[in-house]
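Take a look at the structure set out below.
All ligand and atom numbering here is 1-based and tracks the order in the structure.
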Amino acid sequence: MHLYSLTLFVTEDCNFNCTYCYQKKRKSYIKTSTIEKAFDFLFSFLTNKCFINFYGGEPLLAFEQIGYAVDLIQNKNKKEKKQIQYTITTNGSLLNDNVLEFFNQHQFSLLLSFDGTLQDITRKKGSFQYIVPLIEKILKYPSIDLEVNSIITPAKIGYLANSIQFVVELGVPSIIFTPCRISSWDHKSLIRWEEELRTLRAFISTYYKRNREIPLANFRRNRRKGIFSCYAGKDRMTLMPDGKLWGCYLIADCFKENEESREHAKYCFGNLDEFIKNQKRIYPEILSNYSELSMDHFYSRDNLCTQCDELNECVVCPMSNILSGSDIKTVPPWICEQNKILIKEKRLFWKEIEEEE
Ligand code: SF4
Ligand code: SF4
């Protein structure tokens, strides 16, 4: 077992109620004793360069546990000196000076969930006013690496380009937009998706010529080569507040509720005590289920993805399939269509850049 990434799902509680959120919120918080037990066992499996991620719910509701985990890891790392990068995904509502100082001290990567000009409609009314000056403040901390994630719904797709341009103009160095998966995208919204991506391509292209930077992660070149495979369980794990280990926080979120389900049995590595005792048996057994989650096992519209020309460029998280009401390996037609449009626009963007250079 080699862990490049370990996520602590520190709480299932959240102080927002975003319109597209699929999470079942509970007042569950990870115990410090669970964190301690996890790192006593898992620290030696972390690769020399690795990520420790804090996720929720709203993880800053469990700031005490985050502080505890960071102290513990720093102490454990005194001898081994692994290159550990901390990351957190947050709605930003609890980011005060104290928290930002702490993130700056420990050189956190901060993924801020912020929907730009749609924030007050899709996330929390009134939060836009708070987040905009907050972004300006975060950008002044030299050791915090800021990225914004914006979710876009089919109903609001017509605002995407405008909203993303607004976030870029705030000076955010990296932005990613993610189409909402819990509502299906009809033909009309897919046409609008294409128009918005075209507008964004023109905007990013002008931006690149001026600054030699691509703030939109969706348009950057893929670092991986070949067919996309979900890394859950393979090089990453998530520890849930109840002490259970899963391959990825998204998979845990989707299947944790129903302990009797087939999926729970397939994808949960069990609780920490059980895993520590029987790791040599449990790990390969569960990992073999995760190994099927690669795109050469996926279908869309009754065709195997392996028959598609875009296979090497296409990325589908298997949990998007589940969230959109599909089977884990079946890509709904509208996700397939969205990906084809994105791949096309990205290709046109790079063609233009290469021709100019
Ligand atoms: S592809 Fe999806 S399920 Fe797999 S590791 Fe990435 S986010 Fe998790
Ligand atoms: S574009 Fe569609 S068919 Fe092609 S690889 Fe992606 S999901 Fe599969």
Q. Can you list the atoms of ligand 1 that are under 4.0 Å from a heavy atom of Pro318?
A. 1 (S)

Q | Proximal atoms of ligand 1 relative to Leu250 (non-hydrogen, under 4.0 Å) | A | 7 (S)

**Q.** For atom 2 (Fe) of ligand 1, the protein heavy atom that lies nearest, with its residue and separation
**A.** Cys317 SG, 2.4 Å

Q. Any idea which protein heavy atom is nearest atom 8 (Fe) of ligand 2, and the distance to it?
A. Cys305 SG, 2.3 Å

(Q) Show me which atoms of ligand 2 lie under 4.0 Å from any heavy atom of Lys340. (A) 1 (S)

Q. With a cut-off of 4.0 Å, which atoms of ligand 2 are near a heavy atom of Cys314?
A. 1 (S), 5 (S), 6 (Fe), 7 (S)

(Q) For a ring-ring contact (aromatic ring centres under 6.0 Å, His included) check, start with the C-alpha distance between Phe349 and Phe219, then their side-chain angles and the critical distance, and finish with the verdict. (A) CA-CA 8 Å; Phe349 167 74; Phe219 278 83; 5.8 Å; yes

**Q.** Proximity of Tyr290 and Tyr267 rings by center, below 6.0 Å
**A.** yes

Under 30°, 30 to 60°, or over 60°: which ring-plane class applies to [X] and [Y], parallel, tilted or perpendicular?
{"X": "Phe269", "Y": "Tyr283", "value": "parallel"}
{"X": "Phe108", "Y": "Tyr86", "value": "parallel"}
{"X": "Phe203", "Y": "Tyr207", "value": "tilted"}
{"X": "Trp185", "Y": "Trp334", "value": "parallel"}

Q. Got a protein heavy atom sitting under 4.0 Å from atom 6 (Fe) of ligand 1?
A. no

Q) For Tyr299, does the OH atom sit with more than 12 other heavy atoms under 6.0 Å from it, leaving out its own atoms? A) no

Q.
Pairing donors with acceptors under 3.5 angstrom, does anything connect the side chains of Thr87 and Asn53?
A. yes

Q | Contact flag Cys308/atom 8 (Fe) of ligand 2, N/O/S atoms, threshold under 2.8 Å | A | no

Q.
Using a 4.0 Å heavy-atom cut-off, which part of Val331 comes near ligand 2: side chain, backbone, both, or neither?
A. side chain

Q: Give the contacting part of Cys336 toward ligand 2: side chain, backbone, both or neither, where contact means a heavy-atom distance below 4.0 Å.
A: both

Q.
Quick check on atom 2 (Fe) of ligand 1: does Cys230 put an N/O/S atom closer than 2.8 Å to it?
A. no

